[in-house]
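These notes are about the structure you will find just below.
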There are 2 protein chains.
Amino acid sequence: MSDERKRTAQRPRRVTAQTVAEAAGVSRSAVSRAFTPGAYLDAGKRKKIHEIAASMGYQPNALAAGLKDGRSHLVAVFVGNMRSAYDTEFVMVLVGRLNALNKWPILIDGGDGSTKQAIQQVLRYPLDALILRGGSMQNELVTQSSKIGIPMISSGRIVEAKGVDNVCCRNAKGTRLAAEVLVDAGRRRFGYIGGPEQFSSSADRRQGVVDVLTHAGLPLIAEATGEFTVEAGFRAATTLLQENTLDALVCANDATAIGALTAARELGVAVPGALSIVGFDDIDMARWPTFDLSTVCNPIYETVERVIWLLERRLANPAKPSETILIDPYFVPRGTH
Amino acid sequence: MSDERKRTAQRPRRVTAQTVAEAAGVSRSAVSRAFTPGAYLDAGKRKKIHEIAASMGYQPNALAAGLKDGRSHLVAVFVGNMRSAYDTEFVMVLVGRLNALNKWPILIDGGDGSTKQAIQQVLRYPLDALILRGGSMQNELVTQSSKIGIPMISSGRIVEAKGVDNVCCRNAKGTRLAAEVLVDAGRRRFGYIGGPEQFSSSADRRQGVVDVLTHAGLPLIAEATGEFTVEAGFRAATTLLQENTLDALVCANDATAIGALTAARELGVAVPGALSIVGFDDIDMARWPTFDLSTVCNPIYETVERVIWLLERRLANPAKPSETILIDPYFVPRGTH
DNA sequence: ACAGAGTGTGCACACGTGGGCACATACGGG
DNA sequence: CCCGTATGTGCCCACGTGTGCACACTCTGT
């Protein structure tokens, strides 16, 4: 009576292997084996169990299985900034790949204020791995994850810690390629719009420009700090172009460059006639006819592929030394240079 | 020896409550209680256990806890099309809200070919809920989830099934509002660019336009089927504008409208001088100065809030009857009408 | 001194599964 | 008829936790 009341008040209990076993007149083990590919079981019986299971809507409980063998098949994906187009595209590709591998991505928004607590909570699951995409996760959390023994793979920011693998773009090389193209084309008066200072990627990309300019004996005439967003790029470019005469503008990413392009158009500066603008990342939008942005491709598929590769290697051998894989970007000539 | 070998070959075992208990000289139950807010435990002992746990990096295993009480705190989020800007923005907001509630979103890409198998697999977890965003999940899978007893909440597409709650925009009302504004402004020669036919939202939005035109005694001069993307919108608008003289173009979503806007500019059609273009959704990009798109806002925060609300109600009472909540869109006047 | 109330803690069970181990059955050869 | 092998299957333990229940201990009032 009390039991019955509880049954109906609570959710209906999930169908369990025991129930299926009783319905099929076999032992619970047989049901378990029926769902285990390599297991030893009479073919007819296996088929019968599958039929009954299907009719009852039974599937083995992945939680219980994970508890047993220590593999939850859950992977936390920490995204520094979900409002960034590049990170978003990146995550979409990553999610697709993980789904195909039967790994289940738990998304965590790093832009949120309560990120720290969120990570704390999600670390209570025996995650197969923690994948970091960009952003700046507090070191405290990195060391904690490391202590718990959850493998980490960072992309877009190199994390120097035991057991953390990295995949990162050669940022300086990317802007170097772009700057060289512009210098070769005769541009002389360079400006740079960077990202937030705490991102090493932003500093590296700036360095690439400076390298080329130094080598060519040219100054970096003006620079501004954007925030990797279209709006900030628009504002920064407006100021820069009003206060200086520039013929080349290198931007820390595509969003910034698109903002800058919009600003140039509003100010009546001809692109690419009087001014070259190049971005970084090669997001979808850069290809749109309205923008047709010359940029540096930061290859998403290749990067994701490497992340997955490192993940599988790490799972196969949890004790292996950390690795850092560097990805080569390349210049994508379009209509703004 | 064999044990030891296994220890080092496999991953290091996760710290367990038993280990902490031994280190603290208490029973395992005490450790469990130390991490259970309401539980009965001496304050000093609780503090000591917390300290030792922190030093060992112990956290209660959420998998085991979920197994015990039947609540995994995992929520699968099925996204119809991760390449759609609106769905992406929607998911980002949803993820943030779920994180804040200590619910962990497992993302599933509906655009992928192997979606069916992915859902099958993820249903093996005792999910707290399954949230659908747009797209068209096969009915087969809906009934299966329903049979297993996992609550479902659908947004962007109404699913008529037992135990499925819905949150949906009044699509026809949205385009009706927009079309009325255009008719009042004197537009007479209307075109419409829709989405894929299997989406009811697309048909509903078209109907809103037709309603207003019929009432005003105007014809729908031309229409085309886009695919909710910028590229398809560009192509569709190019054809439509070349073959017809239109002074108003209503688009099934903002991406399509942005493509249409770009096409109009390339064809030298003045917007909004000679042609009004309106979109639907009010994605971030619609606000950018380059586009400044007049559109119909399909409010993301409000929709997500309702989804969360339904989720909590459903969890509190799994047997409650299904509900459908309709969201009112509103016209956002900007520079393209 | 003793009863009773109040406070804190340990034991043991249940959650659902995978798989090792032992056992049962069948079968073929000598 | 007996032994050895091949083939299936069932029993039972472990995974890590939360919590009901019973028990131990302290304290107060008479």
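These numbers come from the heavy atoms of this one structure, side chains and all, not from hydrogens, waters or symmetry mates. In what follows, chains carry the letters A, B, and so on, assigned in the order in which the sequence lines appear, proteins first and then strands, with residues in each chain numbered from 1.
For CD of Q18(B), the number of neighbouring non-hydrogen atoms (other residues, nucleotides, ligands) closer than 6.0 Å is greater than 12.
For the helix from dA1(C)-dT30(D) to dG30(C)-dC1(D), the angle separating the two terminal helix axes comes to 60°, with each axis derived from five pairs and the value rounded to 10°.
Rounded to whole Å, the distance from OH on Y125(A) to C1' on dT17(D) is 13 Å. Rounded to whole Å, atom P of dA22(D) lies 17 Å from atom OH of Y40(B).
Residues V26(B) and V20(B) form no side-chain contact, since every pair of their non-hydrogen atoms from C-beta on lies 4.5 Å or further apart. You'll find the side chain of N61(A) reaches within 4.5 Å of the side chain of P126(B), heavy atoms only. Using a 4.5 Å heavy-atom cutoff, the side chains of V167(B) and W309(B) are not in contact.
When the nucleotides dG19(C), dT9(C), dT19(D) are ranked by their closest atom to the side chain of L41(B), dT9(C) comes out on top. Out of dT17(C), dC11(D), dA14(C), the shortest distance to the side chain of K68(B) is found at dA14(C).
Side-chain atoms of R46(A) and base atoms of dG8(D) include no donor and acceptor less than 3.5 Å apart.
Between S29(A) and dT9(D), a side-chain N or O to OP1/OP2 separation shorter than 4.0 Å is absent. At the phosphate of dT17(D), OP1 or OP2 sits under 4.0 Å from a side-chain N or O atom of T16(B).
Aromatic pair Y125(B)/H73(A): ring centres not closer than 6.0 Å.
Looking at heavy-atom distances under 4.0 Å, Y58(A) makes contact with sugar-phosphate atoms alone, never a base. Within 4.0 Å of N61(B), counting heavy atoms only, lie sugar-phosphate atoms of the nucleic acid but no base atom.
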